[in-house]
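All remarks here apply to the structure that follows.
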Amino acid sequence: MQSSRVLLPGKVSALSRLNRILKGPQYADAKYFILLDSNCFTHCLPTLVSRVEALQKAEFLELPEREECKDLEIASQVWQTLMESGADRNTVLVNLGGGCISDLGGFVAAGYKRGIRYINVPTTLIGMVDAAIGGKTAVNVGGVKNQVGFFYPPEVVCIEPSFLATLPDREVQSGWLEMLKVQLISGMPMDTNISEQTISDCVQFKMDVVKSDPKDHGIRRILNFGHTFGHAVEAYSHRLGHPLLHGEAVGVGMVCALFLSMHKLGLSETLYQQVRKVVSDHVMLPKYTLRDTETLLEYMRQDKKNENGEICCVLLQEFGVPVIDVAVPEVEIRDCFLKIAK
Ligand code: GLY
């Protein structure tokens with residue numbers, strides 16, 4: 001799989017370097033379309049087009065916000081619009097936004113005329129440290145996340161942390177929980193600071209993992225730490241009408257994974273309590289009932305990483321030592337959902 005050029009924050013800003021790249025010969029005939037939602041249209045697009053000259057004549061495609069845009073019907077509408085606008089194989093899609101925009105945009109790019117180039121310009125912290133990197137593209141089907149998609153990497157990923165200033169604090173803090181995930185699985189020091197350096201460290205870690213396992217056959221699965229639980233927690237929170245942000249749900253998911261790690265792999269209780277405290281400073285740990293756990297388990301049974309009908313999770317043996325593909329009996333999962341808030 002071809003790898004992406006990732007522009008990390010630096011002395012020369014990532015946007016300036018993107019500006020220079022798009023003046024290069026390989027983009028001479030490019031026609032640009034920018035995929036974005038209404039928030040990014042207002043808060044991020046002016047910066048992007050003023051700093052990247054090649055995008056000044058780009059056309060815009062505005063999508064619904066958040067998960068609603070990760071839909072086959074929406075993808076089909078974007079393909080239709082691209083066709084009507086005469087987009088050919090020289091078209092370059094620029095995905096300006098969070099993980100939902102880059103997931104959908106990558107999916108659209110992978111399918112359009114059997115594959116066109118695309119560039120991710122993440123504007124959220126989760127987008128920067130996770131979703132925009134690594135070439136996973138997807139749409140949701142039947143209310144289940146990321147059921148259909150391709151591995152199809154962007155040509156360029158432009159990490160420009162100044163976009164974070166356009167976000168509500170809750171959104172940024174939710175993104176930090178995804179950074180905490182990286183710290184726990186990599187063993188880099190736990191650091192609540194969100195800086196160009198800590199962002200770059202997380203991005204670099206993800207790039208290294210993706211490079212050694214681009215198609216998610218083994219080691220890349222460590223990046224799903226907290227996600228098997230987190231996706232279920234997130235989907236259920238939407239169903240209950242009190243939606244959690246993705247990072248918040250992953251935070252709850254990590255507490256579940258650490259609870260099980262303590263009981264199954266001997267992880268220290270001190271680390272479990274430390275992370276539980278940090279996560280609960282960001283999101284209230286849900287008090288689930290037995291009935292809730294039935295629905296949560298229904299979601300978890302859909303996870304792509306399950307094997308032979310068993311729910312498989314990433315657990316942590318110790319700080320920085322993740323273990324993939326641990327089959328966990330449903331009775332233990334139920335027990336952990338019931339106990340995390342106690
Ligand atoms: N978000 C997990 C991965 O890219 O593998």
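Whatever order the structure lists ligands and atoms in, that order sets their numbers, starting from 1. The analysis underlying the following values was restricted to heavy atoms, covering all of them including side chains, and did not include hydrogens, waters or symmetry mates. In what follows, residues are counted from 1 in the order of the sequence shown.
Aromatic ring centroids of Phe41 and Phe60 lie under 6.0 Å apart. Between Phe337 and Phe229, the ring center distance clears the sub-6.0 Å criterion.
In summary, the atoms of ligand 1 found under 4.0 Å from a heavy atom of Leu223, numbered by their order in the structure, are 2 (C), 3 (C), 5 (O).
For a threshold of 3.5 Å applied to N or O pairs, the pair formed by Arg220 and ligand 1 contains at least one separation below that value. Checking only distances, Lys136 does come within under 3.5 Å of ligand 1, N or O to N or O.
For the pair Asp130 and ligand 1, a heavy-atom separation below 4.0 Å is found.
Protein heavy atom closest to atom 4 (O) of ligand 1, with residue, atom name and distance, is Lys206 NZ, 2.6 Å.
By the 30° and 60° cut-offs, the orientation of the rings of His231 relative to His227 is perpendicular.
Of the options Arg170, His282, Met284, Glu171, a side chain to side chain contact (heavy atoms under 4.5 Å, CB included) to Glu248 is made by Arg170 and by none of the others.
Between Arg301 and Glu298, none of the side-chain N atoms (NZ, or NE/NH1/NH2) sits under 4.0 Å from a carboxylate O, so this pair counts as no salt bridge.
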